[in-house]
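A, B, ... follow the sequence lines: proteins, then strands. Residue 1 opens every chain.
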Protein chains: 2
Amino acid sequence: MESHYKNHQSSEVPAVCRVCEARHGGVCGTLTPAQLFELNRHSTRRKIDAGNELIGQGELVSHYSNILSGVIKLSKMMADGRQQIVGLQFAPDFLGRPFLCESTMTAEAATDTEICTFPKSLIERLANETPDLERRLHAQSLKELDEAREWMLTLGRKTAQEKVASFLHMIATHIDPENGEQNTFDLPLSRADIADFLGLTIETVSRQMTKLRKDGVIRIENNRHVTVPCLERLNAAAGND
Amino acid sequence: MESHYKNHQSSEVPAVCRVCEARHGGVCGTLTPAQLFELNRHSTRRKIDAGNELIGQGELVSHYSNILSGVIKLSKMMADGRQQIVGLQFAPDFLGRPFLCESTMTAEAATDTEICTFPKSLIERLANETPDLERRLHAQSLKELDEAREWMLTLGRKTAQEKVASFLHMIATHIDPENGEQNTFDLPLSRADIADFLGLTIETVSRQMTKLRKDGVIRIENNRHVTVPCLERLNAAAGND
DNA sequence: CGCGCTCTTGAGGAGTTTCAAGAAATGTGG
DNA sequence: CCACATTTCTTGAAACTCCTCAAGAGCGCG
């Protein structure tokens, strides 16, 4: 490994990064080959099984991560156990809250996930050197802000039916369809997670899914596998125009 | 005016900025005197009466603003008229969505407001020159993101009672108290606005305010004027730990 | 003083939750 | 590969929260 780093030409990007799924969409895309090498030297790839916690509410944040594959859920919990998912991050999103030491929420793998982790301090130094990186991080924050506000509208003003349809529509447009032809995918979240995301109970989510199925807006197989024959109908059920 | 600008020494900040309420908290704080002069030349102060719209959903964003005084509400509307307030901005917050041309929401003055406006292009150029400014804008985005996620928990998982108490607690801690002794303030929002903020109806907000009053958690005069004898009791009513 | 506006209060009803049970999918060990 | 246990999801009935509709009270204003 050592020699590998010593021999590189500064115009080449590290081999690991060259084949990395998140390389262009992710936050590393703005870095120079030399910076990538430095980042690479301090980064580790990790697999995280569904349900495992990356970081807990109130813990110290020492690392940032790029999501290479899978879905991460960010959630907040009240003292009495009520829980709300406040964000879903898909590959190749960047995970971590700049400028803050203590996490205000829990990050947990919703599906089996692969991430690339690096120390907070290193990213912050690179961001100082590289305005493009700083801007990229800023852009991601703004994207998350837009999404959060979109969900505030959903949480505050939509009916259970519209909430569930909105969720399915979001997933349908964020997950790569397995099948080019039709819009078909596996839900990355359990009914309990969906409920926590939409501010509903499991039972209500289930009932609304059943209703959407009976109305022909979606098809469901094995509970997790969903097909959307017509995205526009789903969008209409979600209350969007 | 012309001569004023010609005669300045580059180490002095413009007179208007020197007495500006938002100078240090706001986004201008990071700029050099020379940059402040340039910004100042292209900026205008405006007063906006309560209820007036700054920018509408779907309109083009050509200007950014610093809020000098007052409260601005950011809201989203559905096709059928249902509305949700997705953010409240207090002086000296910065108003505007970097990197985006079309506004995804409406910005409206909740109270009589004074702002300082400048063209989007100028701020973006200054942000390129000044990493500190870019970082300041980033920090503000992150603050808004944190607030949005906090409200997602409120919208999704709290009861009407807790929602109203949460709102009052937020206002109590964001508005400068008129009176050093006790926590007393004028609500910047009407019952209708509060309802749109909390995902409730006017009637429910009213009922919960009455209940909080009868329980002795708050005192109300003239509908708008609120006193909080004990912030901790209010916080408890809001469901926070 | 009457008019309009905002806020409050009440009664009834719709939508969601709660509680409880059953069905379907998933995993385990023989 | 099949019984059995476990988890996840669905369905039903009753209860409760919040909404809708309706009327009245309080306040500012011409």
Side-chain angles (χ1 to χ4, degrees), chain A residues 49-52 73 78 80-84 110-112 154-168 186-215 218-226 237 239, chain B residues 49-51 73 78 80-84 110-112 154-168 171 186-215 218-226 237 239:
Chain A
D49 289 337
N52 280 47
K73 58 182 206 216
M78 292 174 62
D80 60 7
R82 281 177 283 177
Q83 197 175 20
Q84 175 69 45
T111 64
D112 289 350
T154 301
L155 287 172
R157 287 305 183 196
K158 291 191 181 177
T159 63
Q161 175 82 191
E162 291 168 333
K163 283 180 177 180
V164 172
S166 297
F167 170 76
L168 292 172
D186 271 332
L187 288 176
L189 267 57
S190 67
R191 298 290 186 274
D193 283 341
I194 299 174
D196 279 343
F197 192 48
L198 298 174
L200 300 170
T201 58
I202 298 176
E203 295 93 326
T204 302
V205 170
S206 179
R207 277 185 253 269
Q208 298 305 334
M209 298 267 289
T210 305
K211 184 154 188 307
L212 286 170
R213 177 169 54 69
K214 286 186 176 159
D215 292 350
I218 56 172
R219 262 170 286 153
I220 307 178
E221 292 154 54
N222 291 336
N223 291 337
R224 283 291 189 111
H225 196 78
V226 175
Chain B
D49 289 338
K73 56 183 205 213
M78 292 175 62
D80 62 6
R82 279 176 285 177
Q83 199 175 17
Q84 175 69 46
T111 64
D112 290 349
T154 301
L155 288 172
R157 289 303 184 197
K158 291 192 181 177
T159 64
Q161 175 82 192
E162 291 169 333
K163 284 180 177 180
V164 171
S166 298
F167 170 76
L168 292 172
I171 296 296
D186 272 331
L187 288 177
L189 267 57
S190 68
R191 298 291 187 272
D193 282 340
I194 299 174
D196 279 343
F197 193 47
L198 298 174
L200 299 170
T201 58
I202 298 177
E203 294 93 326
T204 301
V205 171
S206 179
R207 276 185 254 268
Q208 299 305 334
M209 298 267 290
T210 305
K211 183 151 189 307
L212 286 170
R213 178 170 54 71
K214 285 185 177 161
D215 292 350
I218 56 172
R219 262 170 285 153
I220 307 177
E221 292 155 52
N222 292 333
N223 291 334
R224 284 289 189 114
H225 196 78
V226 175

Take atom [atom1] of [X] and atom [atom2] of [N], then tell me their distance rounded to the nearest Å.
| X | N | atom1 | atom2 | answer |
| --- | --- | --- | --- | --- |
| A:I218 | D:dC9 | CD1 | C1' | 14 Å |
| B:R224 | C:dT8 | CZ | P | 11 Å |
| A:M209 | C:dT16 | CE | P | 16 Å |
| A:I194 | C:dT16 | CD1 | P | 16 Å |
| B:K211 | C:dT9 | NZ | P | 14 Å |

*Axial bend angle, the helix from C:dC1-D:dG30 to C:dG30-D:dC1: five-pair end segments, nearest 10°*: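 It works out to 30° between the end axes.
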With rounding to the nearest 0.5 angstrom, report the [atom1] to [atom2] distance, [X] to [Y].
| X | Y | atom1 | atom2 | result |
| --- | --- | --- | --- | --- |
| B:H225 | B:I218 | NE2 | CD1 | 12.0 Å |
| B:M209 | B:L168 | CE | CG | 5.5 Å |
| B:R224 | B:L187 | CZ | CG | 7.0 Å |

*Can you give one letter per nucleotide of nucleotides 11-30 of chain D, going 5' to 3': B for a protein heavy atom under 4.0 Å from the base, S for sugar-phosphate only, - for none?*
BBB----SSBB---------
Report, one line per pair, each donor and acceptor closer than 3.5 Å where one atom sits in a side chain of residues 189-197 of chain A; sequence neighbours left out.
| residue | atom | partner | partner atom | Å |
| --- | --- | --- | --- | --- |
| A:S190 | OG | A:A192 | N | 3.4 |
| A:S190 | OG | A:D193 | N | 3.1 |
| A:R191 | NH1 | A:N223 | O | 3.2 |
| A:R191 | NH2 | A:N223 | O | 2.8 |
| A:D193 | OD1 | A:K73 | NZ | 2.9 |
| A:D193 | OD2 | A:K73 | NZ | 3.1 |
| A:D196 | OD1 | B:R157 | NH2 | 3.0 |

*Test item: B:D112 side-chain N/O and B:D49 main-chain N/O as donor-acceptor pair under 3.5 Å*: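 Not a single qualifying donor-acceptor pair exists.
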